[in-house]
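As structure tokens, the structure follows; a few thoughts come after it.
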Amino acid sequence: MPLPKIPTKPATLLPVNEYPKAEPGKSPVRAVAAPVEADPVEDLISGKAVPAAKSTRGRKDKATPLSAVPSQQAAPERPARVDTVAKLKETDMDEPHPAKHKPVEVNVKSSTSRRADRTGKTKVFVLDTNVLMHDPTCLFRFEEHDVYLPMMTLEELDDHKKGMSEVARNARQVSRTLDALIADIDDDTIEAGIELAKLGNKDAKGRLFFQTKLQNGPTLPEGLPVGKADNQILGVVKALASEQPDRAIVLVSKDINMRIKARALALPAEDYFNDHVLEDTDLLYSGIVQLPDDFWDKHSKNMESWQDTRAGTTFYRVTGPFINSLLVNQFVYLESNDSPFQAQVKEINGKTAVLQVLRDYSHNKNSVWGITARNREQNFALNLLMNPECDFVTLLGQAGTGKTLLALAAGLAQVLETKQYNEIIVTRVTVPVGEDIGFLPGTEEEKMSPWMGAFDDNLEVLNKSDNDAGDWGRAATQDLIRSRIKIKSLNFMRGRTFVNKFLIIDEAQNLTPKQMKTLVTRAGPGTKILCLGNIAQIDTPYLTEGSSGLTYVVDRFKGWAHSGHVTLARGERSRLADHASDVL
């Protein structure tokens with residue numbers, strides 16, 4: 001559909017009759033509805049997507065032991081929960097998302113836990129050691145429910161507290177938290193339970209119970225080693241279930257085999273899902289939305305249009321119902337055979353938004369270090385990468401979509417041509433795909449060079465784009481580029497501050513949310529940070545698509561005026577690579 005005529009005077013109101021109506025059936029596009037409010041999804045921990053159930057349990061002056069806590073708690077405002085199916089959002093691109101799959105039923109709770117939710121009962125969660133070492137703050141994530149720590153869990157915490165690893169630090173943090181909880185508690189009241197809210201965590205309305213005596217309940221089946229820590233924790237769970245038949249006793253563990261053994265013994269067991277940003281990664285913010293065919297018909301009333309001669313771009317101020325579903329810095333497009341419309345949301349005020357028409361980086365005159373955009377998503381990405389007002393950019397996409405090439409081209413153009421930044425800093429997580437090759441000799445950059453093969457390949461492509469320079473000119477250019485690119489390790493990032501740097505974090509899907517926070521907070525004045533990755537290729541143990549640090553920052557930074565995100569969907573590496581991605 002052709003765009004309206006640009007008025008001769010700035011801020012001139014466009015008459016409605018000047019805007020031609022969209023011809024139905026001209027462009028086979030799908031209208032994208034406003035974001036659907038997610039149904040309550042049954043989760044172990046009530047996160048943001050699950051409405052928190054308010055407990056009306058009254059606290060007495062004197063604490064009562066676990067055995068004396070009534071199982072039936074009045075909670076009339078808690079509705080009966082049913083199993084729901086996670087709703088998937090319509091894709092915003094012509095090409096299917098590489099991770100697109102059919103809706104699957106989300107059912108992460110055990111039957112015992114679901115029955116307790118329907119009846120309004122509070123539960124007792126028995127924590128495995130790996131949950132505490134995975135999330136040191138997990139004690140305060142169970143809302144009105146109680147937490148039980150077996151003695152073997154404390155023993156395993158003591159065994160893992162030494163060292164400089166992340167697991168050791170988490171074990172020490174949990175030990176300090178437990179010490180603060182029992183600091184001023186009398187010995188006779190520990191068995192009655194400790195209020196988890198005493199340290200200021202208002203959301204934790206339950207109590208913390210320790211195993212203060214040997215469990216005399218039913219024993220585990222013969223043949224299971226008695227000295228194994230997992231079997232002792234399973235014995236505690238079974239004894240608690242026997243002593244408190246009216247309460248829902250649930251084991252929480254990150255160990256899959258532990259949960260399988262528990263379910264084989266008819267014991268309720270669940271994973272710990274509080275670290276998940278999203279239950280379904282298909283609902284992850286893509287940064288792109290397709291406008292419906294009748295967008296201009298419904299939003300052209302009182303529309304304003306003006307041009308910025310310095311930037312060479314056009315702005316539209318539109319008002320209508322579709323604006324409520326947009327976010328700042330989100331890309332919108334409308335396909336048309338005559339003149340496709342591509343813009344970025346710059347401002348949102350109620351039902352009014354300001355749309356800025358994008359620069360066309362697919363044209364040779366707008367090439368970035370000899371690189372032009374080959375598809376719509378790459379054009380969106382280059383508009384973010386070349387925008388000095390955008391400090392944080394995240395690019396998602398499968399292998400071959402051009403994430404690294406676009407980032408390097410934009411970095412070289414702004415470091416060597418426009419002098420916007422001083423140098424390019426490249427870093428990535430050193431997680432091997434196969435067997436580890438051991439220690440590497442040399443300096444920090446020499447140790448990191450084997451991990452940077454992808455950047456070397458892309459630098460070779462960028463260096464070959466200059467055909468007029470000859471061999472000597474290309475060699476000189478390559479030496480200049482190498483002098484402005486620094487390769488750093490993540491191990492030495494803490495405490496640093498980068499000023500006027502172009503920081504590229506490759507393979508960011510292998511970072512935890514805590515590591516991602518450590519890196520992003522290194523940014524000083526004038527620094528731009530890029531996070532590149534593919535959440536379908538996670539090599540770090542215990543990280544999933546929902547708990548990856550890349551998923552975390554994409555979800556938390558959406559809508560910020562100085563950040564942007566694009567999900568690249570179309571591979572541009574080669575026909576062989578594209579076919580392999582589809583069939584292998």
For a side chain to side chain contact (heavy atoms under 4.5 Å, CB included) check, start with the C-alpha distance between Trp369 and Leu408, then their side-chain angles and the critical distance, and finish with the verdict. CA-CA 9 Å; Trp369 203 263; Leu408 269 180; over 6 Å; no
Can you tell which of Ile288, Leu395, Val332 makes a side chain to side chain contact (heavy atoms under 4.5 Å, CB included) with Phe380? Ile288
Least distance between heavy atoms, Glu545 atom then Ala536 atom: OE2-CA, 3.8 Å
Heavy-atom nearest pair, Leu384 first then Gly564, reads CD1-C, 3.6 Å
Pairing donors with acceptors under 3.5 angstrom, does anything connect the side chains of Ser362 and Thr372? no
Kindly determine whether Leu405 and Ile371 satisfy side chain to side chain contact (heavy atoms under 4.5 Å, CB included), including the steps that lead there. CA-CA 9 Å; Leu405 184 65; Ile371 300 298; 4.2 Å; yes
What is the distance from atom CG of Asn329 to atom CG of Asn387, rounded to the nearest 0.5 Å? 7.5 Å
Are the side chains of Ser547 and Tyr552 in touch, meaning some heavy atoms are under 4.5 Å apart? no
Distance, nearest 0.5 Å, that separates CE of Met516 from CZ of Arg556: 13.0 Å
Is there a donor-acceptor pair closer than 3.5 Å between any side-chain N or O of Asp391 and the backbone N or O of His562? no
Stepwise side chain to side chain contact (heavy atoms under 4.5 Å, CB included) test for Gln290 and Leu334: CA-CA 6 Å; Gln290 180 178 342; Leu334 185 61; 5.6 Å; no
Test side-chain hydrogen bond (donor to acceptor under 3.5 Å, both in side chains) on Gln344 and Asn383; report intermediate values, then the result. CA-CA 9 Å; Gln344 186 179 18; Asn383 274 274; over 6 Å; no
Could you measure the distance from the CG atom of Asn379 to the CZ atom of Phe331? Nearest 0.5 Å is fine. 8.5 Å
Residue pair Val345 / Val354, side-chain heavy-atom distance below 4.5 Å: no
Taking atom types as modelled, find out whether Thr518 and Arg522 have a side-chain donor-acceptor pair closer than 3.5 angstrom. no
With a 4.5 Å cut-off on side-chain heavy atoms, are Asp203 and Asn201 touching? no
Nearest heavy atoms of Val289 and Leu326, plus distance in Å: CG1-CD2, 3.6 Å
Write down the atom of Gly559, the atom of Val328, and the distance for their closest heavy-atom approach. O-CB, 3.7 Å
Residues two or more places apart in sequence or in another chain: which of them pass side chain to side chain donor-acceptor pair (under 3.5 Å) with Asn375? Glu572
Not counting sequence neighbours, which residues clear side chain to side chain donor-acceptor pair (under 3.5 Å) with Ser563? List them please. none
Please check if the distance between the ring centroids of Phe392 and Trp560 is under 6.0 Å. no
Can you confirm whether Val426 sits close enough to Ile424 that some side-chain heavy atom of one is under 4.5 Å from a side-chain heavy atom of the other? yes
Say whether, by atom type as modelled, one donor and one acceptor occur between the side chain of Gln173 and the main chain of Asn170 under 3.5 angstrom. no
Does the pair His579 and Leu576 meet the rule for a side chain to side chain contact (heavy atoms under 4.5 Å, CB included), with working shown? CA-CA 5 Å; His579 184 67; Leu576 172 60; 5.6 Å; no
Closest contact, heavy atoms only, Leu503 versus Thr427: CD1-CG2, 4.3 Å
In terms of heavy-atom contacts, Val566 and Glu377 come closest through CG1-O, 3.7 Å
How would you list, by chain and number, every residue that makes a side-chain contact (heavy atoms from CB on, under 4.5 Å) with Lys501, sequence neighbours excluded? Asn422, Glu423, Ile425, Phe498, Thr527
Side-chain donor-acceptor contact under 3.5 Å, Gln509 with Asn534: no
Working to the nearest 0.5 angstrom, can you tell me the gap between Ser548 OG and Ile535 CD1? 7.0 Å
Side chains of Leu550 and Leu511: does their closest heavy-atom pair fall under 4.5 Å? no
Side-chain ion pair, Arg376 and Glu335, N-O less than 4.0 Å: yes
For residues Leu568 and Lys403, determine if any side-chain heavy atom of one lies less than 4.5 Å from a side-chain heavy atom of the other. yes
dist Met386:CE -> Gln420:CD (nearest 0.5 Å) comes out at 9.0 Å
Side chains of Asp360 and Gln342, heavy atoms from C-beta outward: is any pair under 4.5 Å? no
Is a side-chain donor or acceptor of Arg317 paired with a backbone partner of Asn302 at a separation under 3.5 angstrom? no
Parallel, tilted or perpendicular: ring planes of His565 versus Tyr285, cut at 30 and 60 degrees: tilted
How are the rings of Phe295 and His299 set relative to one another: parallel (under 30°), tilted (30 to 60°) or perpendicular (over 60°)? parallel
Is a donor on one side and an acceptor on the other found under 3.5 Å between the side chain of Gln414 and the backbone of Leu385? yes
With distance as the sole test, does Thr313 use its side chain to make a donor-acceptor pair with the main-chain N or O of Val357 at under 3.5 Å? yes
Lys528 side, atom NZ; Leu530 side, atom CG - distance, nearest 0.5 Å: 6.5 Å
Tell me yes or no: between the side chains of Glu304 and Tyr316, is some donor less than 3.5 Å from an acceptor? no
Are any non-hydrogen side-chain atoms of Leu406 and Gln378 less than 4.5 angstrom apart? yes
If you measure only the distance, is there a donor-acceptor pair under 3.5 Å linking the side chains of Asp135 and Tyr272? yes
